[in-house]
Number of protein chains: 2
Amino acid sequence: MYSEAMATQDRLIETTQELLWERGYVGTSPKAIQQRAGVGQGSMYHHFTGKSDLAAAALSRSAQQLRAQAEQQLAGPGTAYERIAAYLLRDREVLRGCRIGRMAQDPDVIAEAELRRPVEETFDWLCGRIAEIVAEGQADGEFATGPDPADIAAAVVAVLQGGYVLARAADSPEPFHQAVRGALALLRNR
Amino acid sequence: MYSEAMATQDRLIETTQELLWERGYVGTSPKAIQQRAGVGQGSMYHHFTGKSDLAAAALSRSAQQLRAQAEQQLAGPGTAYERIAAYLLRDREVLRGCRIGRMAQDPDVIAEAELRRPVEETFDWLCGRIAEIVAEGQADGEFATGPDPADIAAAVVAVLQGGYVLARAADSPEPFHQAVRGALALLRNR
DNA sequence: GTCTATACACTGATAGAC
DNA sequence: GTCTATCAGTGTATAGAC
């Protein structure tokens, strides 16, 4: 086990994850993947049927990793507010943006169901998971019971995704941190 | 005045605005612009030095339009909360996303100062404008005075930008509306 | 499994005629 | 101002040898 073939496949997938993060789907060519991975043309097309097949594998893996990372903070100790704050305040490479959220802007990803699915599922899961925590907070009297937990959760996730947009626009992580601070201020003591 | 040359330039700029919105900078080719605008190759290169020159003109125009649109709600009547709510609840083509925010994901836009500047300036202006309104609301006792108005403003703008991301990921406007409802619920009565 | 060769359209432009 | 010709390089593969 752990054959050479497996190693090549993995290098291709990892490299594709990187390039999709940096340049998006439209901006990533098979040639660029091959060069960065140090894998030949024939080799790439032996393991994957083409660019979109490889991208689907890369996105699935990124989605799984993002979910595992998020769960570290969301399943941690503390009150509902503390767990959401821990997630929002987690150390992030802000200017690189979100590996999954970035794909939502790519027309070819949105158009191809295979590629959009991991993106959709990730946000469905994340919003649902945070909504659970908000609902717990409401049940404990920590948050006001008026708003739908799903609405609050969507706002929390949107602040992160939008924070990345503001940071990249400014070429500075600061607007991201402002948005997170603002969201936490609004969330506190509700 | 209103020469034919002006009309051609305008058609090129408008077409480029559309294509940048739909496909981003990396995904938009000079040829695609020419074909959709019904303008020949030589004509395009007569009026603009190249793709990035044309994109700069298109982004400047989009930035100016976005600003004028936003000001309609932000300068309207009502309390601070009401004006922010009016802006967030304005009718939008949610699945098309934000013409300006979309550009923040494009590596070639972020890398080229000429192209990033209109994006940066738009968000600087928008966050500043909303921060003013939040500060007014705090002065009037409408909002709690603890949080920095700039943080609240960044969170509000991030909810919009992130809401577009969630909507495109889901291929449905609903998550956008959830995020907006969530943000307004948090903002209310503060 | 990996390599090289080949293919054909598209990218982003420049040159010069009209 | 607009048109057509031309160009070197890239995008996204397929074919067949090793």
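Reminder, nothing fancy here: chain letters follow the sequence lines and each chain counts from 1.
- For B/E71, the salt bridge (Lys or Arg N to Asp or Glu O under 4.0 Å) test picks out B/R129, with sequence neighbours left out.
- Cation-pi geometry between B/R92 and B/Y87 is satisfied (NZ or CZ under 6.0 Å from the ring centre, within 45° of the ring normal).
- Using a 4.0 Å heavy-atom cutoff across all strands shown, B/S52 reaches no nucleic acid atom at all.
- Applying the salt bridge (Lys or Arg N to Asp or Glu O under 4.0 Å) criterion to B/R117, with sequence neighbours excluded, gives B/E114.
- Under a 3.5 Å cut-off, the side chain of B/W21 and the backbone N or O of B/G97 do form a donor-acceptor pair.
- Applying the 4.0 Å criterion to OP1 and OP2 of D/dG1, one finds that B/T8 has every side-chain N and O outside that range.
- Going from atom CD1 of A/I33 over to atom C1' of D/dG11 covers 12 Å, rounded to whole Å.
- If you take NZ of A/K51 and C1' of D/dT10, they are 12 Å apart, rounded to a whole angstrom.
- DNA chain C lies under 4.0 Å from no heavy atom of any residue of residues 17-25 of chain B.
- Rounded to whole angstrom, the span from the OH atom of A/Y45 across to the C1' atom of D/dA15 amounts to 13 Å.
- Per the geometry, NE2 belonging to A/H46 stands 16 Å off C1' belonging to D/dA17, to the nearest Å.
- Apart from A/V159 itself, the hydrophobic cluster it occupies contains B/V159, where clustering links Ile, Leu, Val, Met, Phe, Trp and Tyr at side-chain heavy-atom distances under 4.5 Å.
- The interatomic distance linking B/Q35 (CD) with C/dA9 (P) rounds to 14 Å, in whole Å.
- No side-chain donor from either of B/Q161 and A/Q161 sits under 3.5 Å from a side-chain acceptor of the other.
- For residues 175-184 of chain A, the side-chain hydrogen bond (donor to acceptor under 3.5 Å, both in side chains) pairs, not counting sequence neighbours, are A/E174-A/R181, A/R181-B/D151.
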Which atoms of nucleotides 3-8 of chain D (N or O only) lie under 3.5 Å from a protein N or O atom, and what are those distances?
unit_1: D/dC3; atom_1: OP2; unit_2: B/G40; atom_2: N; d: 3.4

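- A distance-only check finds no donor-acceptor pair linking the side chain of A/R99 to the backbone of A/Q65 [under 3.5 Å].
- Distance B/Q34 CD to C/dT11 P: 10 Å, rounded to the nearest Å.
- Atom P of nucleotide D/dA13 and atom CG of A/D53 are separated by 10 Å, given to the nearest angstrom.
- Side chain of B/H47, nearest nucleotide from C/dA13, C/dT2, D/dG1: D/dG1.
- Rounded to an integer number of Å, the gap from NZ of A/K31 to P of D/dT12 is 11 Å.
- Criterion: ILVMFWY side-chain heavy atoms under 4.5 Å apart, direct or through other members. Under it, B/V94 and B/V157 are part of a common hydrophobic cluster.
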